Amino acid sequence: MPRSGRLASALLSILMFALFLAVWHGATLPSGGTQAADSEYAKMVGSAAASGQKTAMPSPKDVAVKLWEHAKDPFYVRGTNDQGIGIQISYSIGRVMLGFGLAALVAIPLGFLIGMSPLLYRAFDPFIQILKPISPLAWMPLALYTIKDSVTSSIFVIFICSLWPMLINTAFGVSAVRREWLNVARTLEVTPMRKAFRVILPAAAPTIMTGMRISVGIAWLVIIAAEMLVGGTGIGYFVWNEWNNLSISNILCAILLIGLVGMVLDQILARLARAVTYPE
Amino acid sequence: MEFLKVEGLKKSFVPPRGGAPFVVFDEVNFSIDKGEFVCIVGHSGCGKSTILNILAGLDEASDGNVIMAGREVAGPSLDRGVVFQGHALMPWLTAKKNVEFAVKSRWRDANCAKTDEICQRYLDMVGLTGSEDKKPAELSGGMKQRVGIARAFAIEPKMLLLDEPFGALDALTRGVIQDELLKICAATHQTVFMITHDVDEAILLADKIMLMSNGPNARIAEIVVNTLPRDRSRHTIHKDPQYYPIRNHLVDFLVSRSKEFTEQPPPGYDPRNPLLVTPGLPAVTPAIPVSLVQPRATAPSVVAGIRN
């Protein structure tokens, strides 16, 4: 895209964001009239809210202040139910990495095998087709019952949801390696290991990376829900805990952070995918 | 010296819904001497590529066998280098790494300096000095095909198999690479088996041109001996009085006789011993001088019915 076009799109983005803030700000302005409030109720929800001057929905400024607080001290620990947002999100990232990494360790070699053998491809296919559409959270009770540990169970759920896209893409990528490259390897009497690592792996790498990118996206979606279920730590738990505290500002901060981290994870995988992609 | 011998080669497919097997070609017999350049010409569907793949060991014949240097060909081997129709370079490797992949497969224990030297030598040979570190996507079609040729030559095979290597190139590039190939083959005395659709290419490069009749049931109809001097070049070849008789003979075969041949082989035709013809030379019998104005006035002379 030419430079002027990029500038225009950036300006438009800023404009849209400003408009969004303005509407949000307008919608959360305190209404003019004062209402008599029950003193007990006023004590509970704060005098401004009780008198109808302010809703529980925070204004952009409230959220900005909250964000600044979190940014200043993201890693504090004040007891099990009051830990910094940075710590919570680190727990979540750690679980996603662990579950995703384990899934990659299983899916890529297994996908390689399935992709190389049409017999295995057909034999595994019905299982993959049935297991793939199952919501990963449906495994949660089974995981809790067998593993008997909530943290490990959430990692298992991440594992199971990251598995399928990587497995399917690896098998597809490996089975779709161009016949002529394999023929080159055959005429050169290349050993099976060398063929796997020097021909098939680089040829299938872009497809494998696409599978990994899809997997990490799904894993990041699922971890929030999983942590809401099992509780304890993590950004999903943080969101649910703040809902119980009725701190919408904190929830909004967490939502923003979840989006940011998700974007970063996706971008990392996109970079890696670009690094192994070859133009033909 | 007989280097490669093909005996009774046959390829047939059983149709997926049953019925009589579909015979692509049958009773294909020929041999290639060491250092000889042989082209095979024929219409699409006559099984040329299949024959080449069988020679390469990438495909299996339904019947018959291939013997190279006294050994039966039973699978792909480093003894036979293949230049594929669609260059078949690995797009994630640079030109040099593509050649290096072959060199390292050939000499597994060679050190880096040695492999580097071999790769560079063959890339220089095909005129790719300076483009070693380019990926195939950055190379033109002709350059890609040259990398393919360098890769095939670099393993120093006993025999080279070329599957229509210049089919996808424009005429100018093709000419340049043909010259290159001619030079390299003259220098290395390489034994070559090549598929082509281009009659001029066959006359320029080959010592013997095998003509295949149309498939199904294709056969080797006859073998044309290229009697032009071996030091022929693209610029002067068409001035040789033998050129047009040979060319006309080949074109005549492709246009009409290849079809007639399958329908009704000429009397006395023995697939195990196809005729060796020399249309470039004046006919022995009857002793009518070959006229350049009417080169087709005489039948192509038949040198021998001996098994080549």
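Computed from a prediction, not measured in an experiment: that's the story for all the values here. By convention in this document, chain letters (A, B, ...) are assigned in the order of the sequence lines, proteins followed by strands, and residues within each chain are numbered from 1.
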Honestly, the part of B:Leu161 sitting under 4.5 Å from a heavy atom of chain A is neither
Whatever's closer than 4.5 Å to a heavy atom in chain B on A:Val199 counts as both
inquiry  = Is it true that, when you exclude A:Phe112 itself, more than 12 heavy atoms of the residues, nucleotides or ligands shown sit nearer than 6.0 Å to its CZ?
reply    = yes
Of all heavy-atom pairs linking A:Pro279 and B:Pro91, the shortest is O-CB, 3.6 Å
Okay, A:Ala203 and chain B: the region with an atom under 4.5 Å from a heavy atom over there is both
Worksheet item: With a cut-off of 6.0 Å (strictly less than), are more than 12 heavy atoms of other residues, nucleotides or ligands near CZ of B:Phe22?
Response: yes
Using distance alone, with no hydrogens and no angle check, list the donor-acceptor pairs under 3.5 Å between chain A and chain B.
from, atom 1, to, atom 2, distance (Å)
A:Trp181, NE1, B:Leu89, O, 2.9
A:Glu189, O, B:Arg108, NH2, 2.6
A:Glu189, OE2, B:Leu78, N, 2.6
A:Arg194, NH2, B:Phe101, O, 2.9
A:Arg194, NH2, B:Ser105, OG, 3.2

Smallest heavy-atom separation, B:Ile155 atom then A:Leu188 atom, equals CG2-CD2, 3.8 Å
ask   = Hey, is CZ on A:Phe124 packed in by over 12 heavy atoms from elsewhere, all under 6.0 Å?
value = no
